[in-house]
Every structure is written in structure tokens, then in C-alpha cells.
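Sequence lines set the chain letters: A, B, ... in the order given, protein chains first and strands last, and positions in each chain run from 1. In this text the structure is predicted, and so the values were computed from the model without any measurement.
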There are 2 protein chains.
Amino acid sequence: MSAAEHTPPADDIGTRLRMVRQIYGLTQRELARRAGVTNGAISLIEQNRVSPSISSLKKILHGIPLSLAEFFTTNFAAADQLFFGVGDFTEIAFGADISMRMVGQSMKNRALQMLHETYQPGADTGLDMLRHTGEEAGIIISGCLTVTIGAQERTLQPGQAYYFRSDIPHRFRNQGDEPCVLISANSPPSF
Amino acid sequence: MSAAEHTPPADDIGTRLRMVRQIYGLTQRELARRAGVTNGAISLIEQNRVSPSISSLKKILHGIPLSLAEFFTTNFAAADQLFFGVGDFTEIAFGADISMRMVGQSMKNRALQMLHETYQPGADTGLDMLRHTGEEAGIIISGCLTVTIGAQERTLQPGQAYYFRSDIPHRFRNQGDEPCVLISANSPPSF
DNA sequence: TCCGAATGTTTAGAATTATCAACAGATTTA
DNA sequence: TAAATCTGTTGATAATTCTAAACATTCGGA
């Protein structure tokens, strides 16, 4: 271990609690009401002016709700960015006529990968079908996309969607004459 | 969720702390000394007569040592049985002349599988080599065992050992004229 | 058996935490 | 602008936790 480790911003209980509370959009008073403690107690804890008893912390977390194990385990720093602008997407190369833009920078330690994809007319992921672990789903935004899943094939229109286990061989292609845009998700991230 | 869930024996902090302390073979006084608290405090906490503050619990766990996250996450109930008699092994069928006896009953939620294996003369796991995820290792106790790992093959004598990634095709057989006994381990459990 | 050491438990008091109510600043509403 | 919230913070007091020391019990060894 290096001594100057990348500091987790919420090593102290107070900051950690404040982060959680704000992520869940609660005020000190609202959380206090749900948990059955006073707002003052939460204030003092969040300022690290007192170290709560397990029973108090348990009550407070119950109002979120969150278990002690989740509270101490979850990496809230990883969830620090909740909203992503166009500039916060990462382009993933997949041929010249397929654009895949991933929400966020790195999928390390994430359970989900969300993509904004564009298939130009004629684009095709190829005859040797894709296969990987996990599950995936997508919804067509505009244009048409021909999706082959195992033995089944269908051309999806805007508003339609697919969902399948990713270990079933699959293939995507745009047989129309206008670009196809879709939003898709993989779990766990496949690249 | 069912209401009458299988009760984890250490849902309360006190019992949980007592289990951990005893697993690590510490007395209240010894742990208190290491942690910089009094033995009385530990006694009261273990009896659930007080609910420790986070700072106290953190100090105490530091003396074990264990992090708060580990303390609340780890399933100590799974590690309740620490020692296993001959009767605590589970026989795993693997042909008539190969005996595999596993330490413990079930490998659910375990990271490691420990086996006591006996290969009768002529025993062979077969030409179509074994492959699975994880890693495995073993030490020969008596007799000889011919181990094939990928392109390499070697006949091991008592005291010798192997260690390889289990996704490399592998095969075991006893070409000698006396039974071969060995101890082996898989991580994660392969069956 | 008796003694000594080791273990966990208990009690009174010091230290810390939680409550209640009041306070100050920011935002909304009339 | 002023009134009315709503936010987080703070002080005095009540409640709880932690310490220090004594107590009770068990286990071995002389």
C-alpha cells in the first residue's frame, strides 16, 4: 500500500453521512424525522463534533434507508458524478460507421454501462455474432435497427426495444437509409 | 424477503464482536490493551448493555485488526466451524478409483475448497482434460501422481506439489502400483 | 487444598453523546 | 419589503457511554 493513497473523500463518518443524505435529497430535519432522532444530532455528527453510537447511526441510516454494512462498504465517491453532459461521454471505437458513446469515463467498479449508439446506413457488427457475459437492453430512438438474437431476427422501429442474455449470439445492423440512434445498457460492462 | 429469515447469529453488535474476538483468540483484556480502551467497555458492549460509539468501535476493531466495513460485512457465521474431524468431510464422487473428500459440507459463499484425495493405482481423470475457472494447488502425501498441465507432464513424489491456473487443461493419474494420497485446494470452489 | 493468575462482570464517577429549544442565514411568498 | 418558511448551527440539560477499580469465577500448579 502506498502511504499517500488516493484519499477517499468520506473517510470520516460525518462527511460520509452528509454525502449519503444529500445524494438521497434529504434535509437534516427530514432525515431526523424519519429516523426518530433530532436534527441537532445529525448536524453534530456531520460536523464530526461527536462520534455517534452504533444505535444512533443505525437509526439514522434506517431513515434513508441504508444498512450499516452498506454505509461502510459503498463507495459513494464513485457515485459523485450523477449527471453527465455531452462532454462527459467516452467514445468507444467500433468501426467507422458505428459510434458508441459511453456515459462516464471508466467503468471500473461499476455494475452498469450505458451507451448512446449511432449506426450509419449499412453499419453491421458482423456475421460472426457477438457473445459475452451479462445481459443487455436497448431502445431505438430514431431510424431502424435490425437485431439478430440467436435464431430470431427483427427490425426495430423507434420506441421499440430489445432485452437478452448477452451469451446468446447477437448482431446489430442498420439496413435502412437513414442513421439509427439508440440507447443501450450492459450489465456488467462488456468493455 | 421472507419475514422469518434464517437468523444470522450475530445481528447484534455485541455478539458479533464477541465472535470476532474469540475467532482471533483474544481475551477482552488483551484486545482492550491493543485497542487502547478498557476491558470493561468491551464487556459491556459484548453484552449489548451499551451501544458503542463509532470511535470506540473503530478503536477496538483496530486492535484485531479489522475495518468497520469488514466488521459489518463479513459473514462470521460462515466461519463458525474452524476445525473438522474425519466425519466432517464430504465425499465427492469421481469414479470408482478416485476418492475426493472435501473439508466441510457446502462451499456456498466460500472462497476456497480443500480436498483430501486418494487415487487408486491406475486411476485417471481422463484424456479429455479438466478445465474450469480459478486456481488450484496440491501436495503429494504418499504414492506417486502423474500430473499433466497443458503441454507439461511430471510424476510427483511425496512432498512435491503443483500449482496452476485451472483454465489450463489438466489431468491427474496414478501410474504407480500403490494408492496415491494428496491434499489439494481450489479457489474458487469448482464444484 | 490452597494460592496465584487469568478471565469476564459489575459499580460509581468522568467523559461523551443526544435532546430540546433557540438562533442566524437563505429562500420563498404575499 | 416584510413575513413566513426552510435550512443548518449552537447552548444547556438529560441520557448514555467509557474509565478505573473492585468483584466473582474458573483453571492450574505447588
Side-chain angles (χ1 to χ4, degrees), chain A residues 9-72 76-77 79-80 82-83, chain B residues 9-72 76-77 79-80 82-83:
Chain A
D11 190 38
D12 59 291
I13 304 300
T15 310
R16 181 166 270 260
L17 177 59
R18 176 159 291 178
M19 286 180 70
V20 177
R21 177 175 65 78
Q22 291 176 339
I23 286 174
Y24 283 82
L26 298 170
T27 65
Q28 290 182 346
R29 279 186 161 80
E30 173 60 16
L31 177 55
R33 192 189 61 73
R34 297 191 189 186
V37 300
T38 58
N39 60 309
I42 294 178
S43 177
L44 294 173
I45 292 168
E46 290 188 353
Q47 297 172 80
N48 287 309
R49 293 177 46 167
V50 300
S51 179
S53 69
I54 293 290
S55 63
S56 295
L57 184 59
K58 195 172 186 176
K59 275 200 287 186
I60 293 170
L61 294 177
H62 184 73
I64 289 184
L66 214 61
S67 73
L68 286 163
E70 289 168 330
F71 179 74
F72 286 108
F76 296 105
D80 53 356
L82 298 176
F83 302 102
Chain B
D11 190 37
D12 59 291
I13 304 301
T15 309
R16 181 167 271 260
L17 176 60
R18 176 158 292 178
M19 286 179 69
V20 177
R21 177 175 63 79
Q22 291 176 340
I23 287 174
Y24 282 82
L26 297 170
T27 65
Q28 290 182 347
R29 279 186 160 82
E30 174 59 18
L31 177 54
R33 193 190 58 75
R34 296 191 190 186
V37 300
T38 59
N39 61 309
I42 294 177
S43 177
L44 294 173
I45 293 168
E46 291 189 352
Q47 298 171 79
N48 287 310
R49 292 175 47 166
V50 301
S51 179
S53 69
I54 293 289
S55 63
S56 295
L57 185 59
K58 194 172 186 176
K59 274 200 290 185
I60 293 170
L61 294 177
H62 184 73
I64 289 185
L66 214 61
S67 72
L68 286 165
E70 289 167 330
F71 179 73
F72 286 108
F76 296 105
D80 52 357
L82 297 176
F83 301 102

**Report entry** Comparing A/R49 and B/A41 on DNA chain C - which has the more 5′ nearest nucleotide
**Finding:** B/A41

Query raised in the report: What closest approach, in Å, do B/I13 and B/P52 show between heavy atoms, and which atom pair accounts for it?
Result: CG2-CG, 4.5 Å

Requested in this report: Rounded to the nearest angstrom, tell me the gap between atom CD1 in A/I13 and atom P in C/dA18.
Outcome: 13 Å

Query raised in the report: Can you tell me how far the OG1 atom of A/T38 sits from the CZ atom of A/R33, to the nearest 0.5 Å?
Result: 14.5 Å

Query raised in the report: Would B/S55 and B/K59 satisfy side chain to side chain contact (heavy atoms under 4.5 Å, CB included), going step by step from the backbone distance to the final call?
Result: CA-CA 6 Å; B/S55 63; B/K59 274 200 290 185; 5.7 Å; no

Requested in this report: Starting at atom CG of B/L26, determine the distance to atom C1' of C/dG8, rounded to an integer number of angstrom.
Outcome: 15 Å

Query - Protein-nucleotide distance (B/I42, atom CD1; C/dT9, atom C1'), rounded to Å - result: 13 Å

Requested in this report: Mind calculating the distance between CZ (B/R33) and C1' (C/dA6) to the nearest angstrom?
Outcome: 15 Å

Requested in this report: Start with the C-alpha distance between B/L66 and B/Y24, add both sets of side-chain angles, then the distance that settles side chain to side chain contact (heavy atoms under 4.5 Å, CB included), and finish with yes or no.
Outcome: CA-CA 11 Å; B/L66 214 61; B/Y24 282 82; 3.8 Å; yes

Query raised in the report: Have B/S67 and B/E70 got a donor and an acceptor in their side chains that come within less than 3.5 Å?
Result: yes

Query - Smallest separation among heavy atoms of B/S53 and A/S51, with atom names - result: CB-O, 3.4 Å

Report task. Let me know, please, whether B/G40 or B/E30 comes out on the 5' side of the other along DNA chain C by nearest nucleotide. Result -> B/E30

Report task. Estimate the overall bend of the helix from C/dT1-D/dA30 to C/dA30-D/dT1 from the end axes over five pairs each, rounded to 10 degrees. Result -> 20°

Query raised in the report: When rounded to the nearest 0.5 angstrom, what is the spacing between CG in A/D12 and CZ in A/R18?
Result: 10.5 Å

Query raised in the report: Rounded to the Å, how far apart are A/L44 CG and C/dT19 C1'?
Result: 10 Å

Report summary line: Outer limits of DNA chain D sitting under 4.0 Å from a non-hydrogen atom of chain A, read 5' to 3', are D/dT7 to D/dT10

Requested in this report: Quick one: closest heavy-atom pair of B/Q28 and B/N39, and the distance?
Outcome: OE1-O, 4.0 Å

Query raised in the report: For B/K58 and B/L68, what are the C-alpha separation, side-chain angles and deciding distance, and is it a side chain to side chain contact (heavy atoms under 4.5 Å, CB included)?
Result: CA-CA 6 Å; B/K58 194 172 186 176; B/L68 286 165; 4.2 Å; yes

Requested in this report: Output yes when at least one side-chain N/O atom of B/Q47 is less than 4.0 Å from OP1 or OP2 of C/dT10, else no.
Outcome: yes

Report summary line: Taken to the nearest whole Å, CD/A/E46 to C1'/C/dT17 is 16 Å

Query raised in the report: Please give, in whole Å, the distance from C/dA18 P to A/I60 CD1?
Result: 7 Å

Distances under 3.5 Å between protein N/O atoms and the N/O atoms of nucleotides 22-24 of chain C, please, pair by pair.
none

Query raised in the report: Could you state the CD-P distance from B/Q28 to C/dA5, rounded to the nearest angstrom?
Result: 21 Å

Query raised in the report: Across the strands shown, which category fits A/T27 at heavy-atom distances under 4.0 angstrom: base, sugar-phosphate, nothing?
Result: sugar-phosphate

Report task. Rounded to the nearest 0.5 Å, what's the gap from CZ on B/R21 to CZ on B/R16? Could you check? Result -> 15.5 Å

Report summary line: Taking every heavy atom of A/L31 against every heavy atom of A/I60, the minimum-distance pair comes out as CD1-O, 3.5 Å

Requested in this report: Before giving the answer on side chain to side chain contact (heavy atoms under 4.5 Å, CB included), spell out for B/R34 and B/H62 the whole-Å C-alpha distance, their side-chain angles and the decisive distance to 0.1 Å.
Outcome: CA-CA 8 Å; B/R34 296 191 190 186; B/H62 184 73; over 6 Å; no

Query raised in the report: Which part of the nucleic acid, if any, lies within reach of A/S43 when heavy atoms closer than 4.0 Å are counted: base, sugar-phosphate only, or nothing?
Result: base

